[in-house]
There are 2 protein chains.
Amino acid sequence: MSVAQAIEALRRELGAENVITGPEDLLCYSFDATPDLPEGKPDVVVTPENTGQVVKVVKIARQYGLPVYPRGSGTNLSGGTVPIKGGIVLTTVKMNRIIEVDPSNLTATVQPGVIIQDLNDAVAPYGLIYPPDPGTVATATMGGSVAECSGGLRGLKYGVTRHYVMGVEVVLADGEVVRYGGKTVKNVTGYDMVRLFVGSEGTLGIITEIIVRLIPAPEARESILAGFGSLADAGNAVVGIIEKKVIPATMEIMDRVTVETVENFAHVGLPTDVAAVLLIEVDGIPEVVKSEAAIVREIIAKNNGWVKTAASEAERDGLWAARRAALPALARRKPTTILEDATVPRSKITEMLLAVEEIGKRHNLIIGTFGHAGDGNLHPTILADGRNAEEMERVRAAVDEIFRAALSLGGTLTGEHGIGMAKMRFLPWEMGDAGVKVLRRIKQALDPDNLLNPGKMVECAKGE
Amino acid sequence: MSVAQAIEALRRELGAENVITGPEDLLCYSFDATPDLPEGKPDVVVTPENTGQVVKVVKIARQYGLPVYPRGSGTNLSGGTVPIKGGIVLTTVKMNRIIEVDPSNLTATVQPGVIIQDLNDAVAPYGLIYPPDPGTVATATMGGSVAECSGGLRGLKYGVTRHYVMGVEVVLADGEVVRYGGKTVKNVTGYDMVRLFVGSEGTLGIITEIIVRLIPAPEARESILAGFGSLADAGNAVVGIIEKKVIPATMEIMDRVTVETVENFAHVGLPTDVAAVLLIEVDGIPEVVKSEAAIVREIIAKNNGWVKTAASEAERDGLWAARRAALPALARRKPTTILEDATVPRSKITEMLLAVEEIGKRHNLIIGTFGHAGDGNLHPTILADGRNAEEMERVRAAVDEIFRAALSLGGTLTGEHGIGMAKMRFLPWEMGDAGVKVLRRIKQALDPDNLLNPGKMVECAKGE
């Protein structure tokens with residue numbers, strides 16, 4: 001049975017318009033946003049239009065023994081969507097319908113190809129928001145962000161994707177369609193299958209419909225920029241604010257390297273004579289915003305920081321655009337950008353910031369660190385040149401040490417980017433061999449032939 | 001190999017003081033709080049003092065082929081802790097240490113035997129709370145409530161247990177000890193094993209340590225009692241409040257049967273000439289409380305309700321004591337109390353209330369309905385006499401119909417009590433045979449010999 005026959009079957013079942021085989025087109029699906037990883041060219045890309053067509057793809061894949069890689073917009077940062085073993089890339093772009101917004105139940109039901117921002121635009125007229133807010137909110141799909149359990153800027157106060165997914169429809173590896181969860185706030189029927197599929201990186205099933213929880217949009221907000229002369233002062237301010245029982249919607253950090261780079265790139269008036277800035281937003285009803293902002297300013301002052309409050313919405317938007325420019329700005333400085341997301345308990349953020357700085361110095365690397373300080377979720381970003389083999393060796397050694405540091409501080413390998421291919425080999429460092437074995441058993445229980453996104457998260461030989 | 005030898009091995013490894021075999025003592029572990037279910041006498045009850053002893057129990061159980069039933073305080077309402085196939089009941093009562101309260105990270109680390117209220121008492125001096133709030137908060141253990149994913153009165157605003165568990169240590173069926181999650185707000189390392197163990201009802205592993213998230217205690221609160229002349233008015237008020245973007249901390253309902261029974265029992269001054277009352281509490285900073293309470297009163301009036309606001313803390317406490325007395329008060333009226341927790345999307349609450357009323361009338365049964373109206377999580381409570389076989393037949397028929405009604409309204413079999421033994425046969429109604437098959441595969445992947453709490457949630461023949 002040949003790949004050509006499989007493609008023929010796909011054309012027959014999905015229509016030629018949903019089957020892509022042009023060599024240049026296939027190339028576009030051979031990588032995602034992750035650097036320094038092997039690529040893999042798919043044999044074919046399919047764009048199913050509904051759940052029934054997804055079932056057909058899975059059945060054809062089984063018949064011809066071809067792997068299936070579910071894919072949204074490919075903004076993945078751990079190599080999760082790379083078709084490393086050839087086969088079929090299944091992109092959800094054509095399943096992009098917002099099926100329902102239900103303001104009585106504070107829910108929305110979407111197909112996986114819906115862009116996160118489009119969902120937010122659709123619920124805004126109801127005074128509602130969908131809080132998960134990854135940096136790629138304007139391009140990433142709901143399906144991809146659910147499969148990766150995206151985090152983002154508002155995790156501290158509002159939680160991450162797993163806190164908002166209430167129900168899923170999934171096509172399993174055997175082609176069966178299952179639905180778990182629904183629109184009820186409470187549901188303990190069976191194991192928590194909804195959360196098992198959230199963050200499963202396309203390895204357990206293909207998510208074809210998603211019910212999410214929405215929340216009322218905050219009435220007011222205030223953005224505060226704070227500058228610090230030392231990393232430690234910035235880290236201590238983060239801890240101090242939480243200890244005062246103030247939970248800002250976002251509490252972002254950018255270190256000197258990042259601030260300088262962003263300012264050179266975007267010219268938004270960031271101070272460049274600082275060791276770090278914090279960008280903090282509190283939200284809620286106006287009275288809450290006022291009292292919390294006052295406490296934030298007090299703690300910043302106590303930790304030797306200076307404060308600037310956004311005087312207008314335009315100024316606020318400028319500050320946040322600057323923060324969102326951190327990664328693209330850093331990426332312009334050198335050809336290869338290695339973005340990590342090792343994450344520590346909030347109280348350890350100062351230690352982690354200093355550890356990353358020390359690791360960068362010791363390996364003679366430029367590391368810009370920014371990220372979600374309130375979550376202890378830092379993005380140390382190593383700027384390098386993939387063509388320089390010696391430098392890339394130092395990069396890899398530094399990445400290893402960053403993970404070691406995070407784990408030794410009680411942290412985790414990945415706060416929001418996932419394991420994918422990039423972090424598979426580190427898994428036992430965090431959960432031990434016994435812990436990884438359980439993951440592998442779950443993968444084998446749901447996908448015994450290793451058909452779905454093989455080579456990601458846990459390695460499973462066929463029939464192992 | 002005999003049970004006597006297994007008991008001997010347990011005595012040797014755990015000490016005689018942790019091995020209970022007296023027939024009267026064993027009897028106490030043959031049932032839980034669930035009525036109308038088969039009982040099962042254990043061969044032995046063990047009270048391990050630490051994780052190492054739990055491992056020993058699991059290994060001895062494997063060696064002698066005896067099932068192990070993890071158990072907290074036995075407040076379970078779906079038969080989840082009944083040792084239906086004999087063997088070893090493992091109670092966590094002696095593992096009741098609060099290991100750490102960490103105000104910087106807003107976490108607490110506890111052993112499974114800690115009583116939920118004791119955790120709340122321990123974190124109160126830090127101005128923190130652990131929000132999950134089942135009715136049995138003063139007796140239920142953390143381990144039991146995590147294994148069942150308890151909900152309770154504050155689910156609407158604050159979520160349920162799965163939203164607060166950040167990390168677990170678990171003894172697996174093969175005796176391996178694994179740890180997943182930790183103190184980081186964000187963690188996407190591997191599948192969401194933390195959430196898989198939350199709500200797994202002791203069937204996948206024995207939870208021996210739990211890290212939970214805490215939140216700042218609200219500064220102020222206001223309790224409002226509302227009476228309605230019809231069930232529909234009460235249900236519509238619930239939906240109306242949420243549509244106004246007010247999310248109360250709790251929004252409880254009691255129907256006429258429940259209100260009359262509670263008032264006769266507790267004499268707290270509840271009105272008895274109503275079709276239903278709502279008991280609503282809003283909380284937050286004082287300004288929020290004031291503005292949200294005003295909206296709540298407005299919506300109640302619009303739905304033909306009258307309002308009484310608790311004028312003092314004592315009056316407030318009286319109202320909530322009345323609500324918490326609903327189940328014990330109902331339970332006094334007849335010998336057998338069948339408490340269900342079929343749950344519907346919030347917008348369907350009026351339809352569900354009316355459906356339950358109609359089902360009760362048709363089967364000539366007394367049903368008192370109370371519960372967490374804001375969550376769509378109702379507790380229709382059937383008052384019957386287990387010795388009356390004919391009546392119990394009608395009870396079972398009514399329960400079936402209540403589940404059918406909930407599912408047809410887009411709801412779920414169980415909002416917070418779990419599947420256990422009581423609802424196993426209904427599982428396919430909600431998730432289909434394909435959905436149940438996945439649960440069974442997960443059980444078999446983690447516990448291939450069906451050693452842990454067998455006969456609960458999904459039936460798995462040994463070696464199936």
Side-chain angles (χ1 to χ4, degrees), chain A residues 103-106 127 149 151 155-156 160 162-163 176 178 180 182-193 195-196 198-200 216 239 242-243 245 285 287-288 343-347 375-377 410-416 418-419 427 430-432 434-435 438-439 441-442 445-446 457, chain B residues 103-106 127 149 151 155-156 160 162-163 176 178 180 182-193 195-196 198-200 216 239 242-243 245 285 287-288 343-347 375-377 410-416 418-419 427 430-432 434-435 438-439 441-442 445-446 457:
Chain A
S104 297
N105 288 306
L106 303 181
C149 188
L156 172 57
V160 300
R162 72 165 61 96
H163 299 109
E176 293 264 22
V178 290
Y180 293 109
K183 286 190 188 177
T184 61
V185 176
K186 291 173 172 169
N187 182 327
V188 293
T189 298
Y191 301 131
D192 191 346
M193 297 305 300
R195 248 61 49 179
L196 187 61
V198 175
S200 64
V239 177
I242 303 285
E243 281 182 342
K245 311 283 179 330
I285 69 163
E287 293 85 349
V288 173
T343 301
V344 295
R346 187 184 305 115
S347 66
D375 307 334
N377 179 198
T412 180
L413 291 170
T414 171
E416 54 185 15
I419 296 296
L427 262 186
E430 178 164 340
M431 43 181 72
V438 175
L439 301 194
R441 283 190 191 160
I442 287 173
L446 269 76
M457 194 176 315
Chain B
S104 298
N105 288 308
L106 303 181
C149 189
L156 172 59
V160 299
R162 71 165 62 95
H163 299 110
E176 293 264 23
V178 291
Y180 293 108
K183 286 190 190 177
T184 61
V185 176
K186 291 173 174 170
N187 182 327
V188 293
T189 298
Y191 301 130
D192 190 345
M193 297 305 301
R195 247 63 46 179
L196 188 60
V198 175
S200 64
V239 176
I242 303 287
E243 280 181 342
K245 310 283 179 328
I285 69 165
E287 293 85 348
V288 173
T343 301
V344 294
R346 186 185 305 116
S347 68
D375 305 336
N377 180 197
T412 179
L413 293 171
T414 171
E416 54 185 15
I419 296 296
L427 261 187
E430 178 164 342
M431 43 180 72
V438 175
L439 301 193
R441 282 190 190 158
I442 287 173
L446 269 76
M457 194 177 313

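What's counted below: heavy atoms across the whole structure, side chains too, no hydrogens, waters or symmetry copies. Residue numbers begin at 1 in each chain, while the letters A, B, ... track the order of the sequences. Computed from a predicted structure; not experimentally measured.
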| task | Decide yes or no on side-chain hydrogen bond (donor to acceptor under 3.5 Å, both in side chains) for T184(A) and T412(B), but give the supporting numbers first. | result | CA-CA 7 Å; T184(A) 61; T412(B) 179; 5.3 Å; no
| field | Residue, of G190(A), S200(A), G376(A), that accumulates the most heavy atom pairs under 4.5 Å with chain B | value | G190(A)
| task | Name the member of L196(A), L439(A), V160(A) that forms the most heavy-atom pairs with chain B at distances under 4.5 Å. | result | L439(A)
| query | Which pair of non-hydrogen atoms, one from K186(B) and one from G151(A), has the smallest distance, and what is that distance? | reply | CE-CA, 4.1 Å
| Which portion of Y191(A) sits near chain B, non-hydrogen atoms under 4.5 angstrom | both
| note | Cut-off 4.5 Å, heavy atoms of chain B, and the answer for L427(A) is side chain
| query | Does any heavy atom of chain B fall under 4.5 Å from the side chain of N377(A), the backbone, both, or neither of them? | reply | side chain
| field | Test: D192(B) and R195(A) ion pair at under 4.0 Å | value | no
| remark: Whatever's closer than 4.5 Å to a heavy atom in chain B on V185(A) counts as both
| Per-residue contact mode, E416(A) against chain B (heavy atom under 4.5 angstrom) | both
| said: Heavy-atom cut-off 4.5 Å, strictly under: side chain, backbone, both or neither for V239(A) against chain B? | reply: side chain
| request: Go through the atoms of I285(A) and report whether side chain, backbone, both or neither lie under 4.5 Å from a heavy atom of chain B. | output: side chain
| query | Heavy atoms, side chains only, cut-off 4.5 Å: are V438(B) and L446(A) in contact? | reply | yes
| Y180(B) side chain to M431(A) main-chain N or O, any donor-acceptor pair under 3.5 Å? | no
